[in-house]
Amino acid sequence: MKRYNPKEIEPKWQKVWEDRKIYQASEDPAKPKRYVLEYFPYPSGAAMHVGHVRNYTIGDVVARFYRMRGYNVMHPMGWDAFGLPAENYAIKNNISPQQAIAENTTRFKQQLMRMGFSYDWSREINSSDPSYYKWTQWFFKLLFDRGLAYQKESPQWWCETDKTVLANEQVESGKCWRCGNEVTKKSLKQWFFKITDYADRLVEDLEDLDWSDAIKSMQHNWVGRSKGAEITFAVETSKQKTAKEEKIIVFTTRADTLFGATFMVLAPEHPLVMKIAKDSQKSEVEKYVKQAQVKSDIERQDTDREKTGVFTGAYAINPANNEKIPIWIADYVLYGYGTGAIMAVPAHDERDFEFAVKFDLPIRQVFMESGDDPVNPPQEKFKMIKRKTVVVHLRDRSSGKYALLNWHGTLEGITTAIMGGIDEGETAENAALREISEEAGIHNAKIVKTARWISAATYCASHKQVNRKSISTAVLAEVDNLSKQTEVADYEKKTHTLIWVTGDAVEESLIPINQKQIWSYLQNETALTGEGEVINSGEYDGLLTSDMREKIVADLAKKKVGKEVVNYKMRDWLISRQRYWGAPIPIIHCPKDGAVAVPDDQLPVELPEVKSYQPTGEGASVLAGVEEWVNTTCPKCGEPAKRETDTMDGFACSSWYFLRFADPHNDVEPFSPQKAKFWLPVDDYIGGAEHAVMHLLYARMWTKVMYDAGLVEFKEPFTALRNQGMILAPDGQKMSKSKGNTIEPDELLDQGYGADSVRLMELFIGPWDQSAAWSVKGLGGTYRFLNRVWTICQEHMTEVTKLETEDQTQKVENQDISKELRRAVHQAIKRVSVDLHDMGFNTSIATLMELTNELYKLKRSYPVGSAEWHDALSILLQLLAPFAPHITEELWQQLGGQTSIHTSSWPLWDDALLVNNIMKIIVQINGKLRAEIHIATGASEIQVLDTAKANERVASYLQDHKIKKSIYVPNRLVNFVV
RNA sequence: GGGGAUGUGGUGGAAUGGUAGACACGCUAGUUUUAGGAACUAGUGCCGCAAGGCGUGAAGGUUCAAGUCCUUUCAUCCCCACCA
């Protein structure tokens, strides 16, 4: 008997498939098309590991499954070859990037080939090939012509030692990754794509996509659309005659809190900062601005950092109440978002609160929480009364307990702190001591602290009106001992009883929600965010915050000091790279005509060969040093002009590659519209979640640009997106070259496991969309499984030869077992077909293992060698073919297959063959499993119930009980309720 | 802080509201002269000699029946993050 030897059969079949071109796709209108795509890889210096392989395995199984089901499948592969890592790799190894890419793609391709993936290699593309980037440049021009590519001064990280700009990710804690020196910011003219023009569409069109919620929400958050208002604050006019009136525009999503704005904050980079700063503060302000410049983003983004800032000396006028409020600068306000200036509402914004506490700025509450109320129905509106009140939490130091009041009469059921009104001319503290003495009979209490700002509205007890509320000051007081406590007046006794509770019990004892809020505020003073009922806001008092938001914006708009605006977190896409290894930006700078696009007939603008790829400095790529390349003539006027020396971000190349696969060799246009229409959009896009917001957003934007330009007829490039889970190293850590814990497929193949076992393991290890740690022992399991498949096929064929040479009449006939064999096979067809359709790879493989185990059992009583066995084994091989293409092809041919198993038709199941003669019914009593009965299929409910009751075990349980109810789930279970 | 996800045996993981633990790893025993990473057969959630009981992060609830649905809560991971 031949042994299973993957090392021998795998290369053999890979060559046959390549020679016969069985995976080549063409526009065959007779079949439905399916475009299956995995992210095209970045051929870096590090080899591909089993984590990458999982991505391609998933795509390959999907592609093969659809191919066998009669789809016209396109499954292409190419190389995302431009970019920094390749350039750095080349510099490090002292070779050209071209050479580095050539070497790496060769190695990657070999690795992919060895895994037996069914790629149509005739469509292979390479983004660094002039025949490809010619069209990337063409698309740049398309964006340029449509006003979507523009140049702007933008501050970039700059390393003075290396004389180069650095990408954000190359700055580590404010230091250059190469030399370790501190970096600064330098303003450079940069190219941008106006992705913000597409912000709304990028969010709206997400809805219909078959993508995971995780990625959708990431993109949603990344675009960060927020509806709010811009409000104009006038800067208080200076007494100096020369000064003209300045205005500060802020962006806010909470216009409803405008009355609570007690100061303003500008970002240090804000252009008004030096203009409005008063002379007395100028040196302080300058110092702060300089400090902020040096701070790295990482430092500034540390939310745990204490707030810093300086006062400018200037004041602004709050347009709502004409109040004069101080203007500060602080780096917690980001220049890049909104208008770079905010109105600070410390009572209702945690950052502003923190800042106000640190610099002792006023805090004013302008709404209060409106929560569920046990006494009043929530729909009933409260009346605010003008009288201010005080709420006092009194602690007895000797017992640690707090004083609370249980109320009687109209306020029955309410438990509050000691409270009462603040009389004319009285401070909150005085009122607190007076109330303690009146309501608790304690005269030696001391004030511990008064809350920084008024907290929440309370019931107005003295008016015996539960539907009235007043605004209260919260006070914490203490008393040393209760020896001097006296009786309280009779009228006090009537309204309430004093109780003492431990600190832990205070919150739960307090009844109206407002009382709880005051307590928790006293414990931990913080901003009140969220929504509520407006207070302290003049004519707007009593509105819900959400309603006030709309009203005040409308009112401000009438006065032309405000308007509704939408803001995005997303910025325009900076695509300039001062690096060599990228597609040159096809622009010529003419002293007369400005930035002029290179005419189509001069594309591609090819990368010239250079001696050194090391960035030279001054914020330009090495291309700036290639004079014969830089110096050219203006396409418009013919006068001497210079080429743009920046190259494009690699993400530009990957923003359209999926379209190029449809027509990879076209040299007159990026793709033929017909071919694009035939293949696109991508039906299954498979890759890791790391591309969630970069590539996937950029590609979607480009597609929309193409749609607007009439180049394509679809708005979204990827109908379904599938993010596979990561494969971790056996130690549970992320695989990385630097950690030295990577496992490459090649080592497993060299050990003799074979690509088929590895492919199976990639998927059997767990659900495809969840990460899992690689298991070498598990790989032994899939290898063993393939061996069992191999062995049973060999046994069958040995038997066939024996039967052919010996006696044909000795064939064993057994109707029941033959039926059982067919049932097992058809059940597997059904389960694998359904599971594969839903990408249930691990359960599909489990089903195939189960079927194999079952076949082993059946062959003991029903020897292999018959035509029925031939059919059963053929189907097993077909079901296994998408997962393990080599072994199934080999055995398929050994069994007499004339053409490739991979071009055979996916088997169909027959429901009639799935039915068993005997059905198994579970018997439960009160939902607990008690017995299992077997009964002929098709038995009626009564028959089943009777049989169940007759069961010995069931009978013993039913003996002393009456059946209240019998539930019968057909063909499944019986439940007796007793 | 915001968003997303995940919690089931010794391990990876299965379970249209209907037998929890399929399949596999590991482990235990047995068979076979067996040096091949063996293969095959049987067993393997926990407690218990057994009958039986207990079991899906925790606590409640809905239901004849809950891993699955609802409410609360805890833990872990990922992404974004001083975004006004």
Side-chain angles (χ1 to χ4, degrees), chain A residues 3 212-218 220-222 224-226 228 250-255 257 265 267 300-305 307 330-334 336-345 348-352 354-355 529 567-571 689-690 692-693 725-726 751-753 760-761 764-767 769-785 787-788 791 831 834 840 842-853 856-857 860 920-932 964-978:
Chain A
R3 285 202 43 214
S212 75
D213 287 344
I215 302 283
K216 280 190 187 182
S217 90
M218 268 190 231
H220 201 278
N221 291 342
W222 187 265
R225 184 190 146 96
S226 56
V250 302
F251 173 73
T252 178
T253 53
R254 295 302 302 263
T257 62
V265 186
R300 269 182 79 161
Q301 280 166 8
D302 180 6
T303 46
D304 294 337
R305 208 163 49 93
K307 296 270 179 296
D331 63 7
Y332 82 90
V333 174
L334 307 175
Y337 183 74
T339 59
I342 61 156
M343 62 177 206
V345 185
H348 304 294
D349 181 283
E350 273 161 38
R351 295 151 301 177
D352 297 343
E354 211 185 302
F355 194 82
T529 55
N567 235 304
Y568 303 95
K569 283 189 212 170
M570 185 172 66
R571 309 290 142 76
E690 69 272 15
V693 284
M726 231 189 310
Q751 282 168 46
Y753 283 108
L760 276 172
M761 193 53 205
F764 186 61
I765 198 164
D769 53 353
Q770 277 171 38
S771 53
W774 185 258
S775 156
V776 180
K777 292 223 166 119
L779 181 60
T782 55
Y783 179 74
R784 239 186 319 274
F785 163 60
N787 260 302
R788 280 163 68 81
T791 304
R831 279 164 60 182
V834 170
N842 57 337
T843 49
S844 292
I845 295 168
T847 300
L848 293 170
M849 287 174 168
E850 252 177 289
L851 174 61
T852 306
N853 292 345
Y856 265 75
K857 272 184 197 143
R860 281 189 238 161
K920 195 170 77 177
I921 304 280
I922 298 307
V923 184
Q924 294 181 336
I925 292 165
N926 283 346
K928 286 210 162 144
L929 172 69
R930 291 305 178 195
E932 184 183 304
K964 275 202 275 185
K965 198 172 169 188
S966 307
I967 288 134
Y968 175 55
V969 182
N971 310 325
R972 230 172 236 268
L973 107 169
V974 171
N975 188 12
F976 294 114
V977 184
V978 297

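Since the model is a prediction, treat every value here as computed from it, not as a measurement. Numbered from 1 within each chain, the chains take letters A, B, ... in sequence-line order.
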> If you define the side chain from C-beta out and look only at heavy atoms, does anything of A/Val977 sit under 4.5 Å from A/Asn926?
yes
> Identify whether any heavy atom of A/Gly228 sits under 4.0 Å from a base atom; if not, whether one sits that close to sugar-phosphate; answer base, sugar-phosphate or nothing.
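It contacts nothing in the nucleic acid.
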> Do any side-chain nitrogens or oxygens of A/Arg860 fall under 4.0 Å of OP1 or OP2 in B/U41?
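Looking at the OP1 and OP2 atoms of B/U41, one of them is under 4.0 Å from a side-chain N or O of A/Arg860.
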> Rounding to a whole Å, what distance do you find between A/Phe785:CZ and B/A38:P?
20 Å
> Have a look at A/Glu350 and say if it touches a base, only the backbone sugar-phosphate, or nothing, with a 4.0 Å heavy-atom cut-off.
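Since no nucleic acid heavy atom lies under 4.0 Å of A/Glu350, the category is nothing.
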> Heavy atoms from C-beta onward define the side chain here; which of B/C23, B/A84, B/G4 lies closest to that of A/Ser226?
B/A84
> Would you say the side-chain atoms of A/Asp352 pair up with the backbone N or O of A/Val345, donor to acceptor, closer than 3.5 Å?
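The answer is yes, because a donor-acceptor pair under 3.5 Å joins these two groups.
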> Could you work out the separation of B/A15 and B/A20 based on their C1' atoms and round it to a whole Å?
7 Å
> With C1' as the reference atom in both, quote the distance from B/G4 to B/G36 in angstrom, rounded to an integer.
48 Å
> Please pick, from B/G18, B/C82, B/G12, the nucleotide with the shortest atom-to-atom distance to any side-chain atom of A/Leu973.
B/G18
> Is B/U41 paired to anything, Watson-Crick or G-U wobble with both distances less than 3.5 Å, and if yes, which nucleotide?
B/A29
> In this structure, how many angstroms lie between the C1' atom of B/A51 and the CZ atom of A/Arg930, rounded?
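Result: 12 Å.
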> On RNA chain B, nearest-nucleotide positions of A/Thr253 versus A/Trp222: which is more 5'?
A/Trp222
> Let me know, please, whether A/Phe976 or A/Gly766 comes out on the 5' side of the other along RNA chain B by nearest nucleotide.
A/Gly766
> Let's see if you can work this out: which of B/C82, B/C40, B/A39 has an atom nearest to the side-chain heavy atoms of A/Tyr856?
B/C40
> Side chain of A/Ile342: nearest nucleotide among B/C23, B/A84, B/G18?
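Nearest listed nucleotide: B/A84.
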> Does A/Lys920 contact B/U19 through a side-chain donor or acceptor facing the base, at a distance under 3.5 Å?
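When only heavy-atom distances are counted, A/Lys920 does reach the base of B/U19 through a donor-acceptor pair under 3.5 Å.
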> So, is A/Arg784 close to the B/G26 phosphate, meaning a side-chain N or O under 4.0 Å from OP1 or OP2?
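For A/Arg784, the contact criterion (side-chain N or O under 4.0 Å from OP1 or OP2 of B/G26) is met.
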> Give a yes or no answer on whether the side chain of A/Tyr856 reaches the backbone of A/Arg788 with a donor-acceptor pair at less than 3.5 Å.
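Yes; judged by distance alone, with no hydrogens or angles, the pair exists.
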> Could you tell me whether the phosphate oxygens of B/U19, OP1 or OP2, come under 4.0 Å of any side-chain nitrogen or oxygen in A/Asn975?
no
> B/A5 pairs with which nucleotide, Watson-Crick or G-U wobble, both distances below 3.5 Å?
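Its partner is B/U76 (Watson-Crick or G-U wobble, both distances under 3.5 Å).
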> Suppose you measure atom P in B/G1 against the same atom in B/C54; what distance do you get, rounded to whole Å?
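40 Å, rounded to whole Å.
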> Does OP1 or OP2 of B/C64 have a side-chain N or O of A/Lys965 closer than 4.0 Å?
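Result: yes.
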> For B/C23, give the paired nucleotide (Watson-Crick: N1-N3 plus N6-O4 or O6-N4; G-U: N1-O2 and O6-N3; both under 3.5 Å), or none.
B/G12
> Take the protein atom CG of A/Leu848 and the nucleotide atom P of B/A24, then report the distance between them rounded to whole Å.
12 Å
> C1' atom, B/C70 versus B/U63: distance in rounded Å?
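Roughly 12 Å separates the two C1' atoms.
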> Rounded to whole Å, please give me the gap between CD in A/Gln924 and C1' in B/U63.
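Rounded to the whole Å, the gap is 13 Å.
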> Look at the side chain of A/Asn221 and decide which nucleotide, out of B/A24, B/G3, B/G53, has an atom nearest to it.
B/G3
> When the C1' atoms of B/U44 and B/C23 are considered, how many whole Å apart are they?
15 Å
> Select base, sugar-phosphate, or nothing to describe what A/Ser775 touches, counting heavy atoms under 4.0 Å on all strands.
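Contact class for A/Ser775: none.
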> B/G7 C1' sits how many Å from A/Gln770 CD, rounded?
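Answer to the nearest Å: 11 Å.
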> With a 4.0 Å cutoff (strictly under), does any side-chain N or O of A/Lys928 reach OP1 or OP2 of B/C54?
yes
> In whole angstrom, give the distance that lies between atom CH2 of A/Trp774 and atom P of B/G12.
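The distance from CH2 of A/Trp774 to P of B/G12 comes to 16 Å, rounded to the nearest Å.
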> When you check the phosphate oxygens OP1 and OP2 of B/C40, does a side-chain N or O of A/Arg788 lie under 4.0 Å from one of them?
yes
> Please work out if A/Asn567 contacts a base, only the sugar-phosphate, or nothing of the nucleic acid, heavy-atom cut-off 4.0 Å.
nothing
> Checking all strands, does A/Asp352 fall into the base, sugar-phosphate, or nothing category for heavy-atom contacts under 4.0 angstrom?
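No contact.
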> Check whether the side chain of A/Lys307 and the base of B/C82 form a donor-acceptor pair under 3.5 Å.
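Answer is yes: a donor-acceptor pair is held.
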> B/G17 C1' sits how many Å from A/Ile967 CD1, rounded?
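It works out to 13 Å between those atoms.
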> Between A/Asp349 and A/Ala344 (side chain of the first, backbone of the second, donor and acceptor by atom type, cut-off under 3.5 Å), is there such a pair?
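Answer holds: no.
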> Considering only side-chain heavy atoms of A/Ala214, which listed nucleotide, B/G4, B/C82, B/G18, is closest?
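Nearest to the side chain of A/Ala214 among the choices is B/G4.
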> For B/G60, which nucleotide in any strand shown is its Watson-Crick or wobble partner with both distances under 3.5 Å?
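Paired with B/C70.
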> Counting side-chain heavy atoms from C-beta on, which of B/C79, B/U19, B/G12 comes nearest to A/Ile765?
B/G12
> Give the rounded distance in Å between these two atoms: CD of A/Glu850 and P of B/C23.
5 Å
> Which of these nucleotides, B/C23, B/C40, B/A14, is closest to any side-chain atom of A/Pro767?
B/A14
> Counting only side-chain nitrogens and oxygens, does A/Asn842 get under 4.0 Å of the OP1 or OP2 atom of B/A14?
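For B/A14, OP1 or OP2 has a side-chain N or O of A/Asn842 closer than 4.0 Å.
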> Sticking with atom P, work out how far B/G67 lies from B/A58, rounded to a whole angstrom.
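Nearest-Å result for B/G67 against B/A58 at atom P: 11 Å.
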> Would a 4.5 Å heavy-atom cut-off, applied to side chains only, mark A/Met343 and A/Thr257 as touching?
yes
> Nearest to the side chain of A/Met849, which nucleotide is it out of B/G13, B/G18, B/C23?
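Given the options B/G13, B/G18, B/C23, the side chain of A/Met849 is closest to B/C23.
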> Would you name the heavy atoms of A/Met218 and A/Val693 that are closest together and state the gap between them?
O-CG1, 3.7 Å
> Please pick, from B/G12, B/G13, B/G3, the nucleotide with the shortest atom-to-atom distance to any side-chain atom of A/Ser217.
B/G3
> Checking all strands, does A/Val969 fall into the base, sugar-phosphate, or nothing category for heavy-atom contacts under 4.0 angstrom?
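Base, at least one base heavy atom under 4.0 Å.
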> Roughly how many Å apart are B/G30 and B/A14, using the P atom of each and rounding to a whole number?
35 Å
> Please work out if A/Lys569 contacts a base, only the sugar-phosphate, or nothing of the nucleic acid, heavy-atom cut-off 4.0 Å.
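Base, at least one base heavy atom under 4.0 Å.
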> Would you call the rings of A/Phe251 and A/Tyr337 parallel, tilted or perpendicular, taking 30° and 60° as the class edges?
perpendicular
> Quick one: label A/Gly780 by what it contacts on the DNA or RNA (base, sugar-phosphate, nothing), any heavy atom closer than 4.0 Å.
nothing
> Could you give the distance separating B/A59 and B/A75 at their P atoms, to the nearest angstrom?
16 Å
